[in-house]
Amino acid sequence: MNKEQQKKLGLWLASKQWQPWARGTNDCCTLFMEYHDHMFGTDTVSSIYGKYNDLRSAIKLRKEFPTVNEWFPDHGYHSVLKPQTGDIVMVEQRYFPSSYIICMNQAWGLTDDSKRMTKHIINEPAAEYSIWRHEEWD
């Protein structure tokens with residue numbers, strides 16, 4: 001990821017900082033899709049935005065949605081072993097994965113019921129996870 005792309009990412013994260021978590025409109029799934037759309041001028045988030053609003057409807061939609069290993073390659077990403085700025089980390093959870101955007105050695109995400117985006121030190125998660133980098137950022 002070059003400096004202009006890093007700046008674009010940083011400004012986008014800053015604009016998202018104080019938006020509270022809301023299932024189906026501002027959660028871990030919409031986060032990575034909004035990020036992808038922002039960076040590449042697409043509209044992938046419209047495929048899920050507002051289509052679920054509780055755990056039950058989120059689980060139902062997840063069953064209809066492509067898997068992590070399908071969605072990312074279909075949108076120009078490949079799996080990597082070490083995260084860097086611009087990468088998306090997907091951590092498997094009970095019903096669906098949580099997503100984190102890597103920026104400046106921090107993992108940024110939205111946790112359930114949080115009032116703002118959360119920042120995490122990059123550690124290897126205890127759960128199964130994958131790291132995805134867009135082909136333009138190699």
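Just so it is clear, the values below take in all heavy atoms, side chains as well, and ignore hydrogens, waters and symmetry mates.
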| field | Tyr35 side chain near Ser99 side chain, heavy-atom distance below 4.5 Å | value | no
| request: Write down the atom of His120, the atom of Gly109, and the distance for their closest heavy-atom approach. | output: CD2-N, 4.5 Å
| task | Please examine the side chains of His38 and Lys16, heavy atoms only from C-beta on, and report whether any two atoms are closer than 4.5 Å. | result | no
| message | Applying side-chain contact (heavy atoms from CB on, under 4.5 Å), can you list everything that pairs with Pro66, at least two apart in sequence or on another chain? | response | Glu70, Trp71
| task | To the nearest 0.5 Å, tell me how far Tyr52 OH sits from Cys29 SG. | result | 4.5 Å
| So how far is it from Ile59 CD1 to Leu61 CG, rounded to the nearest 0.5 Å? | 11.0 Å
| Going hydrophobic residue to hydrophobic residue with side-chain gaps under 4.5 angstrom, can you get from Tyr49 over to Phe65? | yes
| request: Please report the shortest heavy-atom distance between Cys28 and Ser98, naming the atom on each side. | output: SG-CA, 3.8 Å
| request: Flag the pair Lys7 / Leu11 as yes when at least one side-chain heavy-atom distance between them is below 4.5 Å, and no otherwise. | output: yes
| Listed partners of Asp54 passing side chain to side chain donor-acceptor pair (under 3.5 Å), at least two apart | Ser57
| query | Does one hydrophobic cluster hold both Trp132 and Met39, with members joined at side-chain heavy-atom distances below 4.5 Å? | reply | yes
| said: Can you confirm whether or not the ring centre of Tyr77 sits under 6.0 Å from the ring centre of His36? | reply: yes
| query | Considering residues, nucleotides and ligands other than Asn2, do more than 12 of their heavy atoms fall under 6.0 Å from its CG? | reply | yes
| Does the side chain of Phe40 reach to within under 4.5 Å of the side chain of His134, using non-hydrogen atoms? | yes
| same_hphob_cluster(Ile88, Ile102) at 4.5 Å side-chain heavy-atom cutoff | no
| message | Taking Val89 as the starting point, is it possible to reach Val80 by hopping between hydrophobic residues whose side chains are less than 4.5 Å apart? | response | yes
| remark: Between the OG1 atom in Thr85 and the CZ atom in Arg133, the distance rounded to the nearest 0.5 Å is 10.0 Å
| query | With distance as the sole test, does Gln6 use its side chain to make a donor-acceptor pair with the main-chain N or O of Met1 at under 3.5 Å? | reply | yes
| Hey, what do you get for OG1 (Thr44) to CE (Met33), rounding to the nearest 0.5 Å? | 4.0 Å
| Is Leu9 linked to Leu110 within one hydrophobic cluster, defined over Ile, Leu, Val, Met, Phe, Trp and Tyr using a side-chain heavy-atom separation of less than 4.5 Å? | yes
| query | Looking at OG1 of Thr67 and CZ of Arg62, how far apart are the two atoms once the value is rounded to the nearest 0.5 Å? | reply | 6.5 Å
| note | The residue among Asp74, Val68, Asn69 that forms side chain to side chain contact (heavy atoms under 4.5 Å, CB included) with Phe72 is Val68
| message | Using side-chain heavy atoms (C-beta onward) and a distance below 4.5 Å, is Thr42 in contact with His75? | response | no
| message | Taking the side chain as everything from C-beta on, heavy atoms only, tell me whether Trp21 gets closer than 4.5 Å to Asp112. | response | yes
| remark: Scanning both residues in full, the closest heavy-atom pair of Ala107 with Tyr100 reads CB-CB, 4.0 Å
| message | Let me confirm one number: the CD1-CD distance from Ile48 to Glu64, rounded to the nearest 0.5 Å. | response | 12.0 Å
| request: Specify the closest pair of heavy atoms between Asp27 and Gly24, including all atoms of both residues, with the distance to one decimal. | output: OD2-N, 2.8 Å
